2 protein chains.
Amino acid sequence: MDALTINEASTTTGWSARMLRYVEQAGLIAPARSASGYRLYGPEQLQRLRTLKELLTHFEVSLSDVAFAARLGNDPELAEAVRGWLTTEAARPAHVELEDWLRFEQDKHERLLAAVS
Amino acid sequence: MDALTINEASTTTGWSARMLRYVEQAGLIAPARSASGYRLYGPEQLQRLRTLKELLTHFEVSLSDVAFAARLGNDPELAEAVRGWLTTEAARPAHVELEDWLRFEQDKHERLLAAVS
DNA sequence: GCAACATTACCACACCTGTGTCAAAGTTGG
DNA sequence: CCAACTTTGACACAGGTGTGGTAATGTTGC
């Protein structure tokens with residue numbers, strides 16, 4: 001059994017036990033549980049915890065940022081909506097009339113939102 | 001010139017003038033400036049403000065979420081680092097983490113609704 | 001059986017986000 | 001010229017994020 005309990009995982013990853021639970025609550029790292037409910041961190045999760053820490057410090061992003069990126073990966077509708085919003089100007093072909101483009105974009109958004117609800 | 005000042009933009013987009021300045025500060029919509037420094041919102045920006053509002057309310061994302069998505073688009077190194085971190089997760093049994101994330105999101109939603117009522 | 005660990009559920013605190021409001025000072029249009 | 005607008009800056013406040021604690025209770029290893 002190469003799985004560590006929470007305090008062992010804490011010492012080898014640098015996260016406090018408190019933060020390991022918080023990271024789990026944010027949906028980023030969910031360790032297995034023993035029969036009695038103890039968290040059991042496998043080697044791969046330990047590695048991911050170390051990489052996560054590096055990601056946060058090196059790029060100055062927050063846990064919620066990473067959680068949102070995960071949400072983008074799980075929710076294609078959301079990903080498409082965000083991508084569309086971010087690229088509206090860049091994607092507009094120069095020869096298309098602005099008015100037409102705006103109407104098109106608005107229709108696209110309405111179709112998208114209608115599809116979700 | 002078909003550009004609106006901040007209060008005109010406010011009435012046609014539904015954002016308060018205060019929030020229009022805040023959205024600009026978040027790096028999402030930067031209107032042009034007149035010679036004396038007045039913000040001038042063009043039609044594309046007004047449309048983007050409207051769709052942004054829909055994005056936020058319909059998908060329950062925050063301005064900082066969208067700002068982070070924009071940052072992902074502007075910083076390929078960051079995008080690759082995040083994508084890489086997330087896909088190691090996808091290579092492993094992801095259903096547990098997904099469940100957890102959903103519960104987390106639902107709790108957040110409930111807290112939000114509780115705060116409203 | 002007991003010390004050392006784990007669990008959840010709280011309290012606490014500093015900082016960030018979203019949002020309103022208000023003041024001082026500059027700009028615009030009739 | 002003056003009313004109505006704009007600018008930045010600041011105070012304020014609720015709720016979320018990140019992080020530490022403590023307490024009550026269950027689990028494990030020797």
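Here the structure is a predicted model, which is why all the values come from computation and not from measurement. So that the names make sense, note that chain A is the first sequence line, chain B the second, and so on, each numbered from 1. Values reported hereafter were calculated over all heavy atoms of this structure, with side chains retained and with hydrogens, waters and symmetry mates removed.
Heavy atoms from other residues, nucleotides or ligands lying under 6.0 Å from CD of A/Glu54 number 12 at most.
Between A/Tyr38 atom OH and C/dC5 atom C1' there is a gap of 5 Å when expressed in whole angstrom units. For the pair B/Arg33 CZ and D/dC5 C1', the computed distance is 15 Å after rounding to whole Å. For B/Leu28 and C/dT17, the CG to C1' distance is 13 Å, given to the nearest whole Å. In this entry the distance linking CZ of A/Phe68 with P of D/dT17 reads 13 Å, nearest Å. Atom CG in B/Asp65 sits about 11 Å away from atom C1' in C/dT17, given to the nearest Å. A/Ile6 has its CD1 atom 15 Å from the C1' atom of C/dA4, to the nearest Å. Rounding to whole angstrom units, CZ of residue A/Arg39 and C1' of D/dT27 are separated by 14 Å. Rounded to an integer number of Å, the gap from B/Tyr22 OH to D/dG9 P is 16 Å.
The phosphate of D/dG20 (OP1 or OP2) has a side-chain N or O of A/Ser16 nearer than 4.0 angstrom.
For A/Arg18 and B/Ser64, each mapped to the nucleotide of DNA chain C holding its nearest heavy atom, the one lying further toward the 5' end belongs to A/Arg18. Looking at which nucleotide of DNA chain C each of A/Arg21 and B/Ser36 is closest to, the 5′-most match is held by A/Arg21. Comparing A/Ala17 and A/Ala35 against DNA chain D, the residue whose closest nucleotide sits nearer the 5' end is A/Ala17.
Summarising the geometry, atom CG belonging to A/Leu20 is positioned 5.0 Å from atom CD1 belonging to A/Ile6; distances are rounded to the nearest 0.5 Å. Put simply, CD on B/Gln45 and CG on B/Leu4 are 10.0 Å apart, with the number rounded to the nearest 0.5 Å.
Salt-bridge annotation for B/Glu80 and B/Arg83: present, with a side-chain N of the basic residue lying under 4.0 Å from a carboxylate O of the acidic one.
At a threshold of 4.0 angstrom between heavy atoms, the contacts of B/Ser62 are confined to the sugar-phosphate backbone, with no base atom among them.
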